[in-house]
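Side chains are part of it too, since the values below use all heavy atoms of this structure and drop only hydrogens, waters and symmetry mates.
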Amino acid sequence: QGQLVESGGGLVQSGGSLRLSCAASASGFSLRNYHIGWFLQAPGKGREGVACIRRSDGSTSYADSMKGRFTISRDNAKNTVYLQMDSLKPEDTAVYYCAADRGVAYRECQLWARPYDYWGQGTQVTVSS
């Protein structure tokens, strides 16, 4: 805990866009050494995987409902991972978390929460209709 900080959430109208950022909160914590995932948690529901980026080659995976609308990317120079969210829908309203998984570099990144070792505090995204 305490290694990641999310930012960029807010209120946006349906069809709009937001870009979330995930940065390390402590020096020496390099996101390039981890698989990074984005998750959402809507009120009264469990945490769901949104997108992830693999530590070894930057390959990405997305939840089906986000494919074509969300894009995860990594800027190693800024030690930041982004989630670009376009064509937002009211059902995307949730708290969004980034997480870091220190698993072996060659395996695929995961869209379920258990493998992840470090989590941020989350950022609220609200999409109005």
Side-chain angles (χ1 to χ4, degrees):
Q1 297 295 330
Q3 304 286 0
L4 302 171
V5 177
E6 304 94 339
S7 61
L11 174 63
V12 64
Q13 289 188 333
S14 181
S17 298
L18 284 173
R19 188 177 77 160
L20 306 184
S21 298
C22 173
S25 60
S27 61
F29 191 91
S30 178
L31 298 189
R32 68 189 304 170
N33 294 331
Y34 298 85
H35 307 294
I36 302 297
W38 282 98
F39 295 80
L40 65 83
Q41 188 164 18
K45 296 187 177 181
R47 201 161 288 189
E48 302 175 20
V50 173
C52 65
I53 187 163
R54 183 174 172 181
R55 61 182 280 196
S56 59
D57 60 0
S59 61
T60 57
S61 295
Y62 297 90
D64 287 344
S65 59
M66 279 69 182
K67 286 179 182 176
R69 300 191 300 125
F70 290 11
T71 304
I72 188 171
S73 62
R74 184 175 66 194
D75 186 332
N76 290 334
K78 295 183 177 180
N79 201 22
T80 301
V81 172
Y82 301 100
L83 183 69
Q84 177 68 40
M85 306 188 296
D86 299 317
S87 303
L88 283 162
K89 306 174 183 179
E91 52 264 42
D92 295 323
T93 294
V95 178
Y96 284 71
Y97 299 89
C98 67
D101 168 13
R102 60 191 173 193
V104 292
Y106 58 80
R107 71 154 166 78
E108 298 296 325
C109 63
Q110 303 297 311
L111 288 176
W112 60 304
R114 186 165 182 176
Y116 290 84
D117 304 290
Y118 304 101
W119 292 82
Q121 295 301 307
T123 185
Q124 176 70 46
V125 171
T126 303
V127 185
S128 63
S129 56

Check the pair Met66, Leu40 against side chain to side chain contact (heavy atoms under 4.5 Å, CB included), reporting the backbone distance first and the verdict last.
-> CA-CA 11 Å; Met66 279 69 182; Leu40 65 83; 3.5 Å; yes
Could you measure the distance from the [atom1] atom of [X] to the [atom2] atom of [Y]? Nearest 0.5 Å is fine.
X: Trp38; Y: Thr60; atom1: CH2; atom2: OG1; answer: 15.0 Å
X: Ser65; Y: Lys89; atom1: OG; atom2: NZ; answer: 7.5 Å
X: Arg47; Y: Tyr96; atom1: CZ; atom2: OH; answer: 13.0 Å
X: Cys52; Y: Leu83; atom1: SG; atom2: CG; answer: 11.5 Å

Could you list the residues that satisfy ring pair (Phe, Tyr, Trp, His ring centres under 6.0 Å) with Tyr116, not counting sequence neighbours?
->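 Once residues adjacent in sequence are excluded, the partners of Tyr116 under the ring pair (Phe, Tyr, Trp, His ring centres under 6.0 Å) criterion are Phe39.
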[X] and [Y]: which non-hydrogen atoms are nearest, and at how many Å?
X: Ala23; Y: Thr80; answer: CB-OG1, 4.1 Å
X: Ser56; Y: Ala105; answer: OG-O, 3.1 Å
X: Thr126; Y: Gln124; answer: OG1-NE2, 3.3 Å
X: Leu88; Y: Arg69; answer: CA-NH1, 3.9 Å

Check whether any side-chain heavy atom of Arg74 sits under 4.5 Å from a side-chain heavy atom of Ile36, and report yes or no.
->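 A side-chain contact is absent here, since even the closest heavy-atom pair is not under 4.5 Å.
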Under a 4.5 Å cut-off applied to non-hydrogen side-chain atoms, are Tyr82 and Ser73 in contact?
-> yes
Please collect all ring pair (Phe, Tyr, Trp, His ring centres under 6.0 Å) contacts where either partner lies in residues 7-29, sequence neighbours excluded, each pair once.
->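 Listed once each, the pairs are Phe29-Tyr34, Phe29-Tyr118.
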Lys67: what forms a salt bridge (charged side-chain N to carboxylate O under 4.0 Å, His left out) with it, not counting sequence neighbours?
-> Asp64
I'd like to know if the side chain of [X] reaches the main chain of [Y], judged simply by a donor and an acceptor atom lying under 3.5 Å from each other, with no hydrogens or angles considered.
X: Asn79; Y: Leu31; answer: yes
X: Thr93; Y: Val127; answer: yes
X: Gln3; Y: Ala24; answer: no
X: Arg55; Y: Cys109; answer: no
X: His35; Y: Val104; answer: yes
X: Glu6; Y: Cys98; answer: yes

Can you spot which of Ile53, Asp75, Asn76 makes a side chain to side chain contact (heavy atoms under 4.5 Å, CB included) with Arg32?
->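 When Ile53, Asp75, Asn76 are each tested with Arg32, the side chain to side chain contact (heavy atoms under 4.5 Å, CB included) holds only for Asn76.
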Pairs flagged by salt bridge (charged side-chain N to carboxylate O under 4.0 Å, His left out) wherever residues 96-112 is involved - sequence neighbours left out |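 Non-adjacent pairs meeting salt bridge (charged side-chain N to carboxylate O under 4.0 Å, His left out): Arg54-Glu108, Asp101-Arg107, Arg102-Asp117.
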Which atom pairs, donor and acceptor, lie under 3.5 Å between side-chain atoms of residues 12-21 and protein residues at least two apart or in another chain?
| residue | atom | partner | partner atom | Å |
| --- | --- | --- | --- | --- |
| Ser17 | OG | Asp86 | OD1 | 2.7 |

Could you work out the complete set of other residues in the hydrophobic cluster of Leu111, with links drawn between I, L, V, M, F, W and Y side chains under 4.5 Å apart?
-> none
